[in-house]
Structures are given as structure tokens and as C-alpha cells.
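What follows is one structure encoded as C-alpha cells, with my remarks underneath.
Each chain gets a letter, A, B and so on, in the order the sequences are listed, and its residues count up from 1.
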There are 2 protein chains.
Amino acid sequence: MNRPTLKDIATRAGVSVSTVSYALNDNSTLPLAASTKARIKAIARELGYVPNSLARSLQARSSRTVGVLLNKRLTTPRYAEIAQGLSEGLADRGFHLALLDGPSAARSVDDTRGGRLEGLVFIGHDDHKVPADLAEQVGEHDVPFGTLDCGPATGPSRWSSVDFDYALGAEQVVGHLVDQGVRTIVHIRPEVTSRADEIRTRAVETAVASRAGTRMRVMPTGMTNDVLSHVDTDPAAMWQYVEDLSRRLDAELASGEDDPDTTALLCSWGGDVETVYRRSREHDGRFRVAALASGILEPLLWPGLSYSRLPLHEAGRVCADLIVDASTTRPSPAQVLLGPALDTGHHLQI
Amino acid sequence: MNRPTLKDIATRAGVSVSTVSYALNDNSTLPLAASTKARIKAIARELGYVPNSLARSLQARSSRTVGVLLNKRLTTPRYAEIAQGLSEGLADRGFHLALLDGPSAARSVDDTRGGRLEGLVFIGHDDHKVPADLAEQVGEHDVPFGTLDCGPATGPSRWSSVDFDYALGAEQVVGHLVDQGVRTIVHIRPEVTSRADEIRTRAVETAVASRAGTRMRVMPTGMTNDVLSHVDTDPAAMWQYVEDLSRRLDAELASGEDDPDTTALLCSWGGDVETVYRRSREHDGRFRVAALASGILEPLLWPGLSYSRLPLHEAGRVCADLIVDASTTRPSPAQVLLGPALDTGHHLQI
């Protein structure tokens with residue numbers, strides 16, 4: 001028997017070919033009775049109908065798969081949340097998300113030109129911008145491309161970007177701390193060179209300067225570009241960093257002159273919160289701890305903890321829409337800036 | 001000009017066609033001088049050579065993409081770690097990982113039969129086994145398939161599986177607690193019906209019964225199948241659960257008769273650790289807290305905390321190898337059982 005066609009199914013079901021097509025396409029928006037849909041699907045299965053999606057893809061030059069360049073691990077909550085949002089957003093448009101684990105930029109661009117992927121999304125992070133060779137090839141070959149957390153695209157190659165309003169987050173957190181009676185902010189920040197960290201540092205300084213009677217001092221965490229390149233893959237390096245950060249905090253608070261009621265510890269990085277919160281509890285006072293991004297501790301459970309929560313999930317979803325648009329209707333690039341939300345928790349009332 | 005071929009590149013570079021092929025294939029194991037490789041790649045780029053991976057895929061019936069059915073969110077650390085291992089393992093074999101966000105089983109099987117995917121991996125979890133319709137279709141159409149954390153496949157449809165030795169983990173944790181002087185174990189466990197939870201419960205009972213002078217009691221967390229179906233998508237339901245769990249723990253410890261030096265709180269679920277550890281610190285004593293899976297708190301930082309760490313990352317890697325094998329050489333299905341590691345932390349020595 002020949003491979004069954006839509007027409008074979010339509011004949012058997014006593015409906016039109018287009019009704020069969022609608023019934024077998026889960027993304028169809030045509031209203032069709034669930035029972036009709038189920039019946040047509042059952043007949044298709046019975047006849048052994050196979051939608052040859054790959055052949056269809058080639059015909060339409062469409063694999064309906066977007067590649068995500070993430071050189072960080074999913075085990076960092078920040079990237080897991082972004083990937084989750086991207087995956088949901090792509091699924092809503094009928095696309096798959098393919099994780100590109102460490103391939104060369106050239107390979108990814110070739111995969112997109114060759115049709116295995118329909119577009120690329122690059123997820124930035126503190127030590128990592130769009131590599132020059134990737135930017136060049138994306139521009140040269142006009143590959144559908146978008147970035148997340150890398151800053152707006154500039155120069156001759158332009159593409160859509162989704163970013164976080166770090167400055168607004170810093171302003172919100174400092175405002176909250178001052179409202180709670182804080183007068184001294186210890187800004188605990190890394191020594192890496194990154195766009196996001198420069199924005200955060202300036203914004204904290206501005207927010208403190210604009211509030212009379214408030215002062216700040218800086219405590220560097222010891223996180224340099226060099227340390228950063230090791231901690232992800234080397235647990236000993238991570239533990240060394242945590243110990244070092246704990247010692248720095250001890251030294252910072254050693255004078256005993258800081259009043260826990262009016263002093264807050266403000267982490268630039270959410271990843272430092274567990275260490276800083278834990279260590280601050282070793283000291284007499286219970287200092288407020290805040291961060292310019294979420295850490296793993298839940299503010300609902302831990303008193304005195306507050307975050308600027310970046311809309312990571314939403315950013316993934318928005319980025320998914322932009323890359324699908326870029327690969328289909330090819331609109332002008334969009335630059336999206338998403339504001340964070342202040343999470344001050346509340347505590348068990350029991 | 002016609003589309004350039006490998007021969008055009010070979011002629012220009014003054015090498016053989018197979019050398020060009022090796023040079024352009026990043027996965028080639030043939031030793032080739034880096035300078036030769038770079039020169040050939042530069043010529044390929046200059047001539048505008050495009051490896052049409054999709055056409056090549058169709059020809060070879062090979063998209064080199066494996067679909068992962070994960071109906072839980074990547075934001076749960078457990079699944080992020082598994083996905084990370086899978087992604088790395090697949091990348092090592094030259095495959096992409098496609099996240100299949102909530103598609104129907106039928107759709108995934110069709111995508112695999114049609115060539116858009118080369119195999120499927122199903123990630124199980126406490127309330128979720130391989131759906132009957134998926135098992136049926138995988139068997140019927142002989143689709144390359146593997147499971148992770150679902151238990152070994154039984155019945156007529158068989159496939160490769162990777163699982164965790166939960167019983168060994170329970171034995172290790174109870175042994176450690178007893179070595180530390182613990183005589184009473186409060187087993188804090190969910191009320192869901194799942195294979196893993198049944199194994200864990202029996203194993204804790206056996207481990208306690210085999211140690212003279214040790215006793216246990218059970219504290220249900222209030223996590224039922226019904227609650228579980230809500231907490232992932234409804235933050236209010238999650239918070240309600242955390243409050244409820246905190247109240248239960250208060251009631252459990254209210255008598256004040258438990259000696260923190262000889263009593264431990266043993267969570268079946270890593271996800272309960274943050275709440276239990278935090279809440280236990282509200283009480284006079286500093287009870288040891290242990291869990292049969294990792295939670296988010298780092299035992300290196302929090303005194304008295306220990307985990308059975310499931311080899312989630314390794315499981316992902318092993319599963320990647322099994323599914324790639326299944327889609328290529330089609331060996332007999334393998335049943336892999338991985339043992340967990342005891343993580344008792346150590347504390348800042350400063």
C-alpha cells in the first residue's frame with residue numbers, strides 16, 4: 001500500500017481534506033469539535049499516516065527550531081529561568097528550542113544558513129558579549145539573530161535585543177532600604193569588567209547620593225574575570241571564593257561599629273546572597289541583606305532579605321517572539337528593556 | 001557561479017577532497033595541523049561554501065537532534081542539572097538537544113518518525129511516569145526512546161533507562177546520622193504516590209530497623225498529588241504549602257522533648273530543605289537536617305546539613321549516550337542504576 005495521504009484520511013472520515021489538515025495541526029485556530037478532531041486523528045493513526053515533518057521542513061526551508069547559544073550552565077538559576085521562558089515562548093509559536101552547547105560561532109551560523117536551525121539567540125552574561133566573529137557572520141549572512149542581556153546592538157550589524165533595566169533595579173532596592181531606616185549601605189560587588197556591573201555600580205552611587213543622610217562604602221567580593229573563568233567548572237575554586245568572601249565580610253564588619261538597624265549589606269550579584277546572608281548571621285547583629293538580582297534564598301523565609309527580581313522568564317518569552325518574528329516576517333530589529341520588580345518578602349505569621 | 005563544492009575548495013587549497021572534508025568536520029578525529037584546518041576553513045568561507053546540513057540530514061535521515069520530554073520546569077534545580085548533563089552528552093556526540101515543551105506524545109513520536117528528531121528522552125518525576133499512549137506508540141513504531149528516573153522498562157515495549165539508587169541513598173544518610181550520635185529520626189515525607197517515594201520510605205524504615213537503639217517517626221509534609229499539581233504554576237499555592245509545612249514542623253517539635261543532639265530531621269524531598277532548615281532554627285535547638293536529595297542550601301555553608309546527592313548531571317550524560325546509541329547502532333536496551341553520593345559538607349574554618 002502506498003503511503004496514505006490526507007485525501008485517504010478525508011475519504012475514510014467523510015470530511016474535506018482541509019478539515020483533516022486542520023484536525024491534524026495542533027496549532028490550528030480553526031474551531032473544530034473535539035470529537036471530530038479525535039476521530040480524524042484516530043483514522044490517521046489507523047491508516048499509518050506520518051506527517052513527514054523533515055521533508056516538509058526542507059520544502060518550506062523551515063526546521064522550526066531556534067538555536068540558543070548559552071555558554072553558561074543551566075544549573076545557574078538565572079539561565080534556567082531564561083531558558084524556561086524561551087522554551088515556553090517558542091513552544092507557543094510551534095518552535096523547538098535547541099541548546100547549542102559550546103559549538104563554534106561559525107558552526108551555528110552554518111547550521112542556520114543550511115536550514116537545520118531557523119535563527120539564533122545569544123544569551124549574554126557578565127563576562128561574555130557577542131563574540132566579534134559571530135557578530136560579523138550574522139551580519140554578513142543576514143541570519144535571524146537576537147540577544148538577551150547583552151545590551152542593544154550597535155554598529156552596522158543590528159538585531160533585536162532584550163535587556164534588563166539594572167539602573168531601575170538599583171534605585172528601587174536603595175529606596176526600599178532607606179525607607180526601612182537604613183543609612184549606611186555596604187555595596188558588595190565583584191571586580192569583573194562588565195556592562196551590567198558598570199551600570200549597577202553607577203546606579204547605586206546615584207541612588208545613595210540623591211538621598212540626604214545616606215552614605216555607602218564598597219566591599220569588593222574578590223570575584224575577578226580570572227576567578228569567574230574557573231568557578232563554574234571547578235568546585236574547589238568556587239569554595240575558595242566563598243571562603244574568601246566570608247573572610248572579607250568578617251573584616252568588613254570587624255570594627256563592630258555598624259549598627260544592624262541602620263546598616264544594610266547590598267550584593268550586586270544574586271549568587272553572593274547565600275554566603276553573605278549566612279555569614280552575616282554569625283555576627284551579633286542581623287543586618288539586612290539585599291541584592292540587585294535574585295539569589296537562591298527565598299525572601300519569604302529569611303527575615304531582612306530583599307531582591308531586585310529580574311524578569312528572566314519574561315525576557316525569555318519576549319526573546320522567543322522576537323526571534324520567531326525575525327525568522328518569518330523579518331521586521332525591523334526591536335530593542336526591549338524590561339524593568340525588574342522589588343521583592344521584599346514577608347514572613348511567616350505563625 | 002555554481003554553488004562551490006568540496007572539490008573547489010580542495011583545488012584551491014591544493015589538498016585532497018577528504019582532507020577538506022576532515023578539516024570542515026569539527027568532530028573529525030583525524031589529526032590535522034591546526035594551521036591547515038584554519039587555511040581550508042578560510043578558503044571555504046571565501047568561496048561561500050555552505051554545508052547544507054538540513055539537506056544532508058534528509059539524505060542521511062538524520063537531523064542529529066534528540067527531543068527531551070520534560071513536563072517540569074527547568075527552574076527546578078533537579079531538572080536543570082539533568083538537562084545540562086544531557087545537553088553536554090549530546091553535544092559530545094554532535095547532537096542537539098531540543099526541549100519539547102508540553103507537546104502531545106503523538107506529536108513527538110510523529111516528529112521522530114518524520115525525521116525532525118532522531119529519538120526521544122522522557123524525564124520522569126514524582127507524579128509522572130511514561131504515559132500509556134506514549135509507551136504504546138514508541139513500541140508500535142520502534143522509535144528510539146529512553147527514560148530517566150522512571151524505573152526500568154517492563155512489558156512488551158522495552159527501552160533503555162537510567163535511574164537512581166534511592167535505597168542506597170537512604171541507607172547512606174541514615175548511617176551518617178547514626179554515626180553522628182542521632183538516635184531519633186523524624187522522617188519528613190510527602191503524601192504523594194510515586195515509585196521513588198515508596199522506595200525511599202521502605203529504605204529509611206529498613207535502615208532504621210537495622211540499627212539497634214534507633215527509632216523513627218513520620219511527619220507528613222502535606223504534599224499530596226493534588227497540591228503537587230498546583231505548586232509549580234501557582235506561587236500562592238507554593239507559599240501556602242510552605243506555611244503549612246512550617247506549622248506542621250512547629251507542632252512536631254512543640255513538646256520540647258526532642259534533644260537536638262540526638263534528633264535529626266530527615267526530608268525525603270530536597271525541595272523541603274530550605275523551609276525545614278530555616279524553621280528548625282527558630283526552635284531552641286539546632287537540629288541536624290538531612291535530605292534524600294539535594295536542596296538549594298549548600299551544606300558547606302549551613303552547619304548540620306547533609307544530603308544524598310543524586311548524580312543528576314551524570315545521569316543526563318549517560319542517558320545522552322544511550323539515546324544516541326539507540327538512534328544509530330540500535331543495541332539492546334540497557335538498564336542503568338546510578339548510586340548517589342553522601343554530602344555532609346564541612347564548615348568555614350575561619
Side-chain angles (χ1 to χ4, degrees), chain A residues 26 41 45 50-58 61 63-65 67 73-77 79-81 83-84 87-88 90-92 96-104 106-107 110-111 113-117 239 242-243 246-247 250 274-275 278-279 296-298 300-302 313 348-350, chain B residues 26 41 45 50-58 61 63-65 67 73-77 79-81 83-84 87-88 90-91 96-104 106-107 110-111 113-117 137 239 242-243 246-247 250 274-275 278-279 296-298 300-302 313 348-350:
Chain A
D26 286 333
K41 284 189 166 185
R45 194 159 308 285
V50 181
N52 188 329
S53 58
L54 191 66
R56 207 169 48 196
S57 291
L58 189 72
R61 302 293 299 162
S63 65
R64 296 188 82 78
T65 302
R73 292 167 175 245
L74 284 175
T75 45
T76 303
Y79 303 112
E81 209 169 319
Q84 178 66 30
S87 174
E88 289 176 18
L90 289 172
D92 282 355
H96 288 169
L97 179 162
L99 281 180
L100 307 183
D101 212 294
S104 67
R107 182 75 165 274
D110 284 348
D111 274 345
R113 295 177 68 203
R116 189 179 176 195
L117 301 171
W239 180 234
V242 165
E243 259 195 356
S246 300
R247 276 203 198 87
D250 286 352
E274 188 182 13
T275 306
R278 160 79 188 102
R279 196 67 189 165
I296 57 154
L297 300 182
E298 170 56 60
L300 291 166
L301 281 170
W302 304 88
H313 186 266
L348 288 175
Q349 297 300 318
I350 57 174
Chain B
D26 286 334
K41 283 189 167 188
R45 195 161 307 287
V50 181
N52 189 330
S53 58
L54 191 65
R56 207 170 48 195
S57 292
L58 188 71
R61 303 295 298 165
S63 65
R64 295 188 82 78
T65 302
R73 294 168 174 243
L74 284 175
T75 45
T76 302
Y79 303 113
E81 210 168 318
Q84 178 66 31
S87 174
E88 290 176 17
L90 290 172
H96 288 169
L97 179 162
L99 282 180
L100 307 184
D101 213 295
S104 68
R107 183 73 166 274
D110 285 348
D111 275 345
R113 296 177 68 204
R116 189 180 176 195
L117 301 171
Q137 289 179 46
W239 179 233
V242 165
E243 260 196 356
S246 301
R247 275 202 198 86
D250 286 354
E274 187 182 14
T275 305
R278 162 78 189 102
R279 196 65 190 164
I296 56 156
L297 299 182
E298 170 55 61
L300 291 166
L301 281 170
W302 304 89
H313 186 267
L348 288 175
Q349 297 300 318
I350 57 175

- [ ] Answer with side chain, backbone, both or neither: which region of B:Glu298 has an atom nearer than 4.5 Å to a non-hydrogen atom of chain A?
- [x] both
Task: Main-chain N/O of B:Arg64 paired to A:Arg116 side chain as donor or acceptor, under 3.5 Å - done: yes
Task: Short side-chain to backbone donor-acceptor contact, B:Gln84 and A:Leu74, under 3.5 Å - done: yes
Task: Part of A:Leu297 lying under 4.5 Å from any heavy atom of chain B - done: both
- [ ] Sequence neighbours left out, what passes side-chain hydrogen bond (donor to acceptor under 3.5 Å, both in side chains) with A:Thr275? Give chain and number order.
- [x] none
TODO: Please step through side chain to side chain contact (heavy atoms under 4.5 Å, CB included) for the pair A:Leu301 and B:Val242, ending with a clear verdict.
DONE: CA-CA 9 Å; A:Leu301 281 170; B:Val242 165; 3.8 Å; yes
TODO: Mind checking the CG-CZ spacing from B:Leu300 to A:Arg278? Nearest 0.5 Å is all I need.
DONE: 11.5 Å
TODO: Would you please test B:His96 and A:Leu117 for side chain to side chain contact (heavy atoms under 4.5 Å, CB included) and show each step?
DONE: CA-CA 10 Å; B:His96 288 169; A:Leu117 301 171; 4.1 Å; yes
Open item on the list: Show the nearest heavy-atom pair for residues B:Ile296 and A:Glu274, with the distance to one decimal.
Closed with: O-OE2, 4.0 Å
Task: Residues forming a salt bridge (Lys or Arg N to Asp or Glu O under 4.0 Å) with A:Glu88, sequence neighbours excluded - done: A:Arg317, B:Arg73
